[in-house]
Amino acid sequence: MGGRDELLSTAQVSIIDFGVGNLGSVRNMLKRIDVETRMVSSADEVLTAERLLLPGVGAFDRGMGVLNESGLADAVRVAARSGIPILGVCLGMQLLGNGSEEGTSTGLALLDTHCTRLRPSNSALRVPHMGWAWLRIRKAHPLTENLPHPAKFYFAHSYHVNADETTDILAESTYGGVFTSMVVRDNVAGAQFHPEKSHFHGMSLLSSFAKWHP
Amino acid sequence: MRPRVLPVMLIADEYVVKTTAFRKPVYVGDPINTVKLYNEKRADEIIVLDINASLNGRGVDFAFVETVVSEAFMPVAYGGGVESLQDVLRLVSLGVEKVVLNRALFTKPHLLSEAADHLGVQAMIANMDVRTWRRKKCRVVSPTQRSVTRDPAVWASELERAGAGEVLVTSVDREGSREGYDLDLIKHVSAAVRIPLVANGGAGELAHFPLSISAGASAVAAGTMFTFREPRKAVLITYPNDEDLTALFTSAEGRQ
C-alpha cells in the first residue's frame with residue numbers, strides 16, 4: 001500500500017436491489033471499508049451509476065425474470081457498454097453470462113460464460129458446495145493484485161460458471177475438480193464466492209473493486 | 001480445503017447462553033462481543049439459534065439479528081422463530097447467509113420448499129433434534145414437544161427433497177456432555193442424503209471433529225466446547241486457528 005493507492009479515487013458503488021439479494025451483508029462490508037454505497041432498483045438509477053455491483057442468491061431463471069421485467073437487464077447492458085466497472089457476485093456473476101443449466105433464460109450476455117451444475121469427482125464432497133476454498137489467480141489484474149497469496153473465500157453454490165474464453169478466467173478454485181471462481185473481461189467482472197462474508201480477503205477484494213479503473 | 005468448524009451461539013432474550021441436553025440455560029455473555037471474538041479467531045461461519053423465539057411467541061427479533069449479523073465478517077446461519085417466507089426473505093436481506101428451520105418443518109411443511117424456490121437450497125438449513133438414539137429406534141423431537149417417532153435418515157431424505165441445502169443433525173442427549181458426537185447417528189443420516197450434513201451436539205475436544213467427518217459429516221458444529229465464562233469475567237472463546245485445524249484433519253486422514 002503506497003501513496004498511489006490513496007490517490008486513486010474510490011467511487012460510489014451502486015448495489016442493484018432486484019429483490020433476490022443478500023444486500024445487507026454487501027452494504028455492511030462496503031460501509032466498513034469506507035466505500036460509499038447506494039441501493040438502486042430502477043433502470044434510471046443504474047444508468048447514472050459510477051460503478052455497479054450485482055449481488056444475488058437463488059435460481060437463475062428467477063433472477064433473470066426480475067431483471068428483465070424491471071428493465072434492469074437492459075440498463076445493466078447499456079451501463080456495461082458505457083464502460084463503467086461492474087462486479088457480479090454469486091448469482092450475479094452467473095447472470096452476467098449467457099445462461100445456465102439450472103434454467104432456460106438467456107443471461108445478460110456481457111460475458112461468454114454458461115453455468116453447469118457442480119459434479120465433484122470425489123463422492124464424499126456434497127452439493128451445494130458450502131465453505132471456504134482457495135483462489136488460484138490466473139492473471140495479473142487490479143482486482144486481485146492486493147490480495148494476500150493464497151487467499152480463501154466463502155462459497156455457497158450448486159452451479160458454477162464455465163468461461164468460453166480462457167483469457168476471461170481471472171481465478172479458479174477446487175471442489176472435486178477445478179472450476180472458475182472469478183472472471184473478468186474489460187470492465188465486467190464476476191466472483192462466485194461471497195466477498196462480503198470472507199473476512200479480510202473479502203474486504204481487500206471489495207476495496208480493489210471500489211478503486212478499479214478499467 | 002479442510003472441513004468447516006462452526007461455533008453455535010444459543011441466544012435467549014438477547015444473551016448468549018449454553019444448555020445441557022437443551023435444559024438449564026447458563027448465561028455466557030454478550031452476543032456482539034462474542035461475534036467480535038469469533039471474527040478475531042477467523043471462525044469459518046457461525047450458527048445463531050434463538051432458543052426462546054418460538055416459545056415466547058414473539059417470533060424473530062429482526063433488530064437483534066441485524067446487529068449481530070452486521071458485526072460478523074463470516075457467514076451467519078440464523079434459526080429461531082422463523083415461521084414464514086417473509087421472515088426468511090427479510091433475514092437474508094439483513095445479511096443472514098442461511099436460515100435454519102426447525103419448528104416450521106412441522107408446523108409449516110411447505111415453507112422449506114417455498115423458501116428454497118426463492119433463494120436456492122444453499123440458503124436453507126433444516127435442523128433435526130434427535131433424542132434417544134438406539135440403533136434405528138431414535139426419535140426426531142418435534143418442537144411442539146410431542147416427540148414424533150421418525151427415523152432421522154428418512155426424515156433427512158424428505159427434507160433434502162423439500163429443498164434443504166444442508167441438514168443440521170443435533171443430538172439432544174449429547175448436547176453439553178462433551179462426550180463426543182453420536183457417530184452412529186451421523187453415519188445413518190449421512191448415508192441417506194447427498195447434501196452436506198453438519199453434526200451438532202457432544203463435541204468436547206478437537207479429536208472429536210475428524211471422527212465425525214469420517215462418519216460422514218461434511219462439517220462439525222459445537223457450542224459448549226468453544227465458549228465458557230469464568231465467574232465475574234467476560235466470555236472466553238477458544239476457537240482453534242486455521243493451521244491447527246488443517247493439521248487436525250490432515251493427520252486424521254493420514255491415520256486412516
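Owing to the predicted nature of the structure, the values given are computational and were not obtained by experimental measurement.
Note that the NZ atom of A/Lys197 and the CD atom of B/Glu45 stand 11.0 Å from one another [nearest 0.5 Å]. The CG atom of B/Asp44 sits 6.0 Å away from the NZ atom of A/Lys152 when rounded to the nearest 0.5 Å. To the nearest 0.5 Å, the span separating SG on A/Cys90 from CD on B/Glu97 amounts to 7.0 Å. Residue B/His118 holds its NE2 atom at 4.0 Å from CZ of A/Arg62, rounded to the nearest 0.5 Å. Within the model, atoms OH of A/Tyr159 and CD of B/Gln122 stand 11.0 Å from one another, a figure rounded to the nearest 0.5 Å.
Interface residue B/Arg4: only side-chain heavy atoms are found under 4.5 Å from chain A. When heavy atoms are compared at a cutoff of 4.5 Å, B/Ser218 approaches chain A solely by way of its side chain, counted from C-beta outward. Contacts between B/Glu66 and chain A at a heavy-atom distance below 4.5 Å are absent for every atom of the residue. For a residue to count as touching a neighbouring chain, one of its non-hydrogen atoms must lie under 4.5 Å from one of that chain's; by this rule B/Ala115 does not touch chain A. With a 4.5 angstrom heavy-atom cutoff, B/Glu40 does not touch chain A via any of its atoms. Of the atoms belonging to B/Arg2, it is side-chain heavy atoms, and not backbone ones, that fall under 4.5 Å from chain A. Contact annotation for A/His194: only side-chain heavy atoms (C-beta onward) come within less than 4.5 Å of a heavy atom of chain B. Interface residue B/Ile195: backbone and side-chain heavy atoms are both found under 4.5 Å from chain A. When heavy atoms are compared at a cutoff of 4.5 Å, A/Ser198 approaches chain B solely by way of its backbone atoms N, CA, C and O.
Interface check for chain A: of the options B/Gly120, B/Gly165, B/Ser70, B/Ala116, the most heavy-atom pairs under 4.5 Å are formed by B/Ser70. Interface summary for chain B: among A/Met130, A/Arg27, A/Met203, the most heavy-atom pairs under 4.5 angstrom belong to A/Met130. When each of B/Leu91, B/Ile213, B/Val193 is scored by its heavy-atom pairs under 4.5 Å with chain A, the top score falls to B/Val193. With chain A as partner, the option from B/Asn39, B/Val76, B/Val69 having the largest number of non-hydrogen pairs under 4.5 angstrom is B/Asn39.
Listed for the A/Arg126 side chain is no donor-acceptor partner under 3.5 Å among the backbone atoms of B/Leu197.
Atom CZ of B/Arg194 has 12 or fewer neighbouring heavy atoms from other residues, nucleotides or ligands inside a 6.0 Å radius. Counting non-hydrogen atoms of other residues, nucleotides and ligands closer than 6.0 Å to CZ of B/Arg58 gives a total of 12 or fewer.
Closest approach of B/Phe73 and A/Met29 over heavy atoms only: O-CE, 4.5 Å.
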